*Asks:* 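Please read through the structure below; I'll follow up with questions.
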Amino acid sequence: MAAAWCVGIGLAVLVTITLIGWIAAPRTALGPGLPGVFRTAVNFWLVAHHAGFSLPDGRVGLLPLGLTVLPGALLYRGGAWMMRTSRTARRSRAGVVHVALALAVPYATLAALLAQAAATPAVRPSVWQALTACLLLAVVAGGLGAARALVASRGRRVRSGLGALLRLLPKRPRSLVIGVLGALGVLLAAGAVLVAVALAMNTPEAGALYEELAPGIVGSALLLLVELVYLPNAVIWGVAYAVGPGFAVGTGTRVAPTGVLLEVVPSFPPLAALPDPGPAPSLSLAALAAPFLAGVVAGILTIRTLPTPAAEAAPLWGFASGVLTGGATALLAALSGGPLGGGRLTVMGPSPWRVALLTALEVGIAAALAAWLYNWRILRRTPEGTDPVPPSGRRRRRPASAEPAEPVGAAERAARTGPDDPAGDLLSAPSPSHAPPRPRIAPVFADPLEFEDPEPVLAARKPRRPRVQDQQDDPIPLPLTEPEPAPEEEPGPAEEAASSEPPKERERPREEPEGPERIETRDGAIYVLRNDPPKD
């Protein structure tokens with residue numbers, strides 16, 4: 001159900017956009033009639049998953065990465081819905097993998113069927129690319145949505161699926177992933193700034209291309225949408241330029257800090273930001289510092305998340321984060337480029353292996369040095385014999401001006417123990433700094449319990465009359481007799497003398513309280529004696 005909903009909503013959005021273009025453009029541009037519109041929308045849907053297609057003149061692999069946001073968002077919500085509705089998947093972290101695969105398999109199967117249904121002699125989508133690309137995208141996006149739903153079901157507050165996935169990872173892989181994300185963030189920011197500055201400096205050339213194309217009102221809106229979805233590709237090309245190898249815009253061309261070699265480029269307004277052939281602009285050379293800055297950020301974040309007690313291991317972890325960053329940039333470079341038909345446009349975009357090699361070296365070396373220095377700083381502040389604690393896990397120190405409030409019961413404890421009592425000092429002594437904080441509980445010193453002496457003899461209880469139920473159960477009824485009173489004895493001379501004393505000085509026997517209950521103490525225990533009234 002989740003896979004079907006994701007496919008249906010994505011196709012509905014793209015069919016609407018394609019129908020608007022079919023109405024504004026000539027009828028033969030998208031095929032004859034509504035079936036041609038539907039096939040074109042299916043091709044756009046496959047392109048959104050980065051699945052290429054073949055034309056009579058060649059193959060198209062330069063696909064917009066911005067269009068991946070639509071199916072990715074739908075799959076993200078689908079994975080979260082599956083996790084919330086499933087009871088067995090929320091029991092462990094393995095449920096995230098189960099949900100991702102359960103969503104990806106039917107989703108990829110539907111994509112392969114649609115690729116076969118939309119094939120025409122002019123446009124033939126790649127079935128194996130549709131199957132592979134849709135499977136990977138569903139696993140990643142659905143897994144992130146399932147991870148966020150899993151963490152949220154445990155009562156934790158999360159902002160994104162990536163943050164939830166980091167909480168589910170072990171400590172060391174989490175530190176490496178955080179370092180790689182930090183390095184990628186710096187590189188992508190540098191690429192975006194480079195593209196923005198280049199577009200701002202070449203705005204007149206871009207305006208001239210708009211006038212040459214003359215797309216009209218609806219065509220201008222659709223052209224602007226195409227430029228926006230290709231903007232992530234341009235940012236990744238800027239990253240390749242900042243790293244060093246640059247990118248190509250056709251066979252035999254190169255745009256790199258070492259020089260610019262260009263020929264005729266397609267009439268696409270964003271390509272107006274390309275520099276003129278010859279030496280690279282001096283202002284663009286400032287972007288070469290981006291990989292080293294990214295390495296510093298990666299090394300610091302890797303060690304900040306999880307320091308290492310061995311000083312010689314910190315550079316290794318920093319270099320490992322740089323190598324992983326190189327692999328991630330290679331994947332982005334491969335996704336951002338590709339052929340654009342036949343002829344000279346068969347080579348478009350950066351070279352993945354060159355970008356990976358230079359990024360791993362530049363970011364890895366800078367990350368190794370930064371990780372070693374930052375880990376040394378942490379070890380210097382760590383006492384000997386203890387494991388280093390990440391700065392994020394330390395307790396915030398209380399300012400010196402702020403005096404701790406007196407705990408409840410301090411006055412009573414001082415009054416009981418006295419100023420020189422060592423017990424009071426022991427109770428008021430602060431806990432060591434490395435011990436976890438404990439809640440302040442006021443000690444209660446109760447007075448010792450005092451018990452009365454037990455009575456030597458207990459008064460005889462009145463015999464209980466048997467109930468009607470007892471009489472029915474017992475075949476021989478017991479006679480109901482009252483105890484005979486003891487015979488009265490004549491008082492002796494000693495008793496007469498005691499009775500002649502005044503009432504205050506004469507000792508009176510302890511009177512038992514009248515009533516159905518009385519309380520007695522024996523050997524430090526309290527007993528409640530009850531006299532059940534007779535029942536008829």
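None of these values were measured; they are calculated from a predicted model. Along the sequence shown, residues are numbered consecutively beginning with 1.
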*Asks:* Of all the heavy-atom pairs spanning Ser175 and Thr302, show the shortest one and how long it is.
*Replies:*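 Here Ser175 and Thr302 meet closest at CB-O, 3.5 Å.
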
*Asks:* Mind listing the side-chain donor-acceptor pairs of residues 68-75 below 3.5 Å, one per line with the distance, residues two or more places apart or on another chain?
*Replies:*
| from | atom 1 | to | atom 2 | distance (Å) |
| --- | --- | --- | --- | --- |
| Thr68 | OG1 | Ala48 | O | 3.1 |
| Thr68 | OG1 | Leu65 | O | 3.1 |

*Asks:* Listing request: all salt bridge (charged side-chain N to carboxylate O under 4.0 Å, His left out) pairs with a residue in residues 311-330, at least two apart in sequence or in separate chains.
*Replies:*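 Checked against salt bridge (charged side-chain N to carboxylate O under 4.0 Å, His left out) - neighbours excluded - no pair reaches residues 311-330.
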
*Asks:* What's the spacing between Phe319 CZ and Leu316 CG if we round to 0.5 Å?
*Replies:*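 Here the rounded value is 9.5 Å.
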
*Asks:* For Ser284, give me all partners under side-chain hydrogen bond (donor to acceptor under 3.5 Å, both in side chains), at least two apart in sequence or on another chain.
*Replies:*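 Expected list: Tyr241.
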
*Asks:* Main chain of Met82, side chain of Ser86: is a donor-acceptor contact present, judged purely on distance under 3.5 Å?
*Replies:*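 Looks like no, no N/O pair under 3.5 Å.
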
*Asks:* Are Phe247 and Leu274 packed together at the side-chain level, in the sense that at least one heavy-atom pair is separated by less than 4.5 angstrom?
*Replies:*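 When only atoms from C-beta onward are counted, Leu274 and Phe247 do touch, with a gap below 4.5 Å.
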
*Asks:* Of all residues at least two apart in sequence or in a different chain, which pass the side-chain hydrogen bond (donor to acceptor under 3.5 Å, both in side chains) check with Arg254?
*Replies:*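 Scan of Arg254 (side-chain hydrogen bond (donor to acceptor under 3.5 Å, both in side chains), adjacent residues dropped) gives none.
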
*Asks:* Report the distance from atom CG of Leu288 to atom CG of Leu293, rounding to the nearest 0.5 Å.
*Replies:*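 Taking CG in Leu288 and CG in Leu293, the distance rounds to 13.0 Å.
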
*Asks:* Give the table of side-chain donor-acceptor pairs shorter than 3.5 Å for residues 200-209, with sequence neighbours excluded, one pair per line with atom names and distance.
*Replies:*
| from | atom 1 | to | atom 2 | distance (Å) |
| --- | --- | --- | --- | --- |
| Asn202 | ND2 | Ala198 | O | 2.7 |
| Thr203 | OG1 | Leu199 | O | 3.0 |
| Thr203 | OG1 | Ala200 | O | 3.1 |

*Asks:* Within the structure provided, determine whether Leu324 and Val180 are in side-chain contact (heavy-atom separation under 4.5 Å).
*Replies:*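 The answer is yes; the side chains approach within 4.5 Å.
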
*Asks:* Looking at side-chain heavy atoms only, is the closest gap between Pro269 and Glu227 below 4.5 Å?
*Replies:*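 A side-chain contact exists here, since the closest heavy-atom pair is under 4.5 Å.
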
*Asks:* Against the six-membered ring of Trp81, is Arg77 placed for a cation-pi contact (under 6.0 Å from the centre, within 45° of the normal)?
*Replies:*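 Not satisfied by the 6.0 Å and 45° rule.
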
*Asks:* I want to check something: taking the side chain as every heavy atom from C-beta on, are Val226 and Phe268 in contact at a cut-off of under 4.5 Å?
*Replies:*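 Side chain of Val226 against side chain of Phe268, heavy atoms only: contact under 4.5 Å found.
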
*Asks:* Could you tell me which non-hydrogen atom of Gly78 sits nearest to which non-hydrogen atom of Cys6, and how far apart they are?
*Replies:*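 Nearest heavy atoms, Gly78 then Cys6: CA-SG, 4.5 Å.
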
*Asks:* Can you give me every donor-acceptor pair (side chain of residues 185-194, partner residue at least two apart or in another chain, under 3.5 Å) with its distance?
*Replies:*
none

*Asks:* To the closest 0.5 Å, what do you measure between CZ (Arg84) and OG (Ser153)?
*Replies:*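 The OG atom of Ser153 is 10.0 Å from CZ of Arg84, to the nearest 0.5 Å.
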
*Asks:* Side-chain contact, heavy-atom cut-off 4.5 Å: Leu345 with Met348?
*Replies:*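 Yes. Closest side-chain heavy atoms under 4.5 Å.
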
*Asks:* How would you list, by chain and number, every residue that makes a side-chain hydrogen bond (donor to acceptor under 3.5 Å, both in side chains) with Tyr374, sequence neighbours excluded?
*Replies:*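 Only Arg304 meet the side-chain hydrogen bond (donor to acceptor under 3.5 Å, both in side chains) criterion with Tyr374.
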
*Asks:* Minimum heavy-atom separation for Leu103 to Gly79, with atom names?
*Replies:*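 Scanning both residues completely, I find the closest heavy atoms to be CD2-N, 3.8 Å.
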
*Asks:* Which residue pairs pass the salt bridge (charged side-chain N to carboxylate O under 4.0 Å, His left out) test with at least one member in residues 263-290, sequence neighbours excluded?
*Replies:*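 Non-adjacent pairs meeting salt bridge (charged side-chain N to carboxylate O under 4.0 Å, His left out): Glu263-Arg344.
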
*Asks:* Within the side chain of Asn233, is there an N or O that forms a donor-acceptor pair under 3.5 Å with the backbone of Ser336?
*Replies:*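 Side chain of Asn233 to backbone of Ser336, a donor-acceptor pair under 3.5 Å: yes, one is there.
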
*Asks:* For the CZ atom on Arg174, are there more than 12 heavy atoms of other groups (residues, nucleotides or ligands in this structure) within a distance under 6.0 Å?
*Replies:*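 More than 12 heavy atoms, drawn from other residues, nucleotides or ligands, come within 6.0 Å of this atom.
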
*Asks:* Side-chain contact test, heavy atoms from C-beta onward, threshold under 4.5 Å: evaluate it for Val60 versus Pro339 and give yes or no.
*Replies:*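 Val60 vs Pro339: side chains apart.
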
*Asks:* First locate atom OG1 of Thr305, then atom CD1 of Ile178, and finally report the distance between them rounded to the nearest 0.5 Å.
*Replies:*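 If I round to the nearest 0.5 Å, the distance is 4.0 Å.
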
*Asks:* Carefully, step by step, assess Trp237 and Val255 under the rule side-chain contact (heavy atoms from CB on, under 4.5 Å).
*Replies:* CA-CA 10 Å; Trp237 290 13; Val255 180; over 6 Å; no

*Asks:* Over all heavy atoms of both residues, which pair between Ala256 and Gly244 is shortest? Give the atoms and the distance, please.
*Replies:*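 Scanning both residues, the minimum pair turns out to be CB-O, 3.9 Å.
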
*Asks:* Which residue pairs satisfy the side chain to side chain donor-acceptor pair (under 3.5 Å) criterion with at least one member in residues 352-362, sequence neighbours excluded?
*Replies:*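 Checked against side chain to side chain donor-acceptor pair (under 3.5 Å) - neighbours excluded - the pairs reaching residues 352-362 are Ser351-Trp353.
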
*Asks:* Give a yes or no on this: more than 12 heavy atoms of other residues, nucleotides or ligands lie within 6.0 Å of atom CG of Leu228.
*Replies:*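 Counting neighbours around CG of Leu228, more than 12 heavy atoms of other residues, nucleotides or ligands fall under 6.0 Å, so yes.
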
*Asks:* Could you list the donor-acceptor pairs under 3.5 angstrom formed between side-chain atoms of residues 123-133 and any protein atom two or more places apart in sequence or on another chain?
*Replies:*
| from | atom 1 | to | atom 2 | distance (Å) |
| --- | --- | --- | --- | --- |
| Arg124 | NH1 | Pro121 | O | 3.2 |
| Ser126 | OG | Trp128 | NE1 | 3.1 |
| Ser126 | OG | Gln129 | N | 3.4 |
| Gln129 | OE1 | Gly52 | N | 2.7 |
| Gln129 | OE1 | Arg59 | NH2 | 3.4 |
| Thr132 | OG1 | Trp128 | O | 2.9 |

*Asks:* How far apart are the closest heavy atoms of Ala287 and Ala242, and which atoms are they?
*Replies:*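 Result for this residue pair: O-CB, 3.4 Å.
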
*Asks:* Between Tyr210 and Leu223, does a side-chain contact (heavy atoms from CB on, under 4.5 Å) hold up when you go through it step by step?
*Replies:* CA-CA 10 Å; Tyr210 264 106; Leu223 182 59; 3.6 Å; yes

*Asks:* Using the test side chain to side chain contact (heavy atoms under 4.5 Å, CB included), find all partners of Ala313 that sit at least two apart in sequence or belong to another chain.
*Replies:*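 Ala313 satisfies side chain to side chain contact (heavy atoms under 4.5 Å, CB included) with Thr308, Ala310, Trp317 only.
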
*Asks:* May I have all residue pairs that pass side chain to side chain donor-acceptor pair (under 3.5 Å) and include part of residues 106-119, sequence neighbours excluded?
*Replies:*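 Sorted pair list: His49-Tyr107.
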
*Asks:* What's the spacing between Leu231 CG and Ile236 CD1 if we round to 0.5 Å?
*Replies:*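 Spacing of CG (Leu231) from CD1 (Ile236) equals 10.5 Å.
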
*Asks:* With a 4.5 Å heavy-atom cut-off, do Leu46 and Phe53 have their side chains touching?
*Replies:*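 No. Closest side-chain heavy atoms not under 4.5 Å.
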
*Asks:* Do Leu11 and Leu114 have side chains that approach each other closer than 4.5 Å (heavy atoms only, starting at C-beta)?
*Replies:*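 Side-chain contact under 4.5 Å: yes.
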
*Asks:* Kindly give the heavy-atom pair with the smallest separation between Gly179 and Leu301, and that separation in Å.
*Replies:*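 Between these two residues, the closest heavy atoms are CA-CB, 4.2 Å.
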
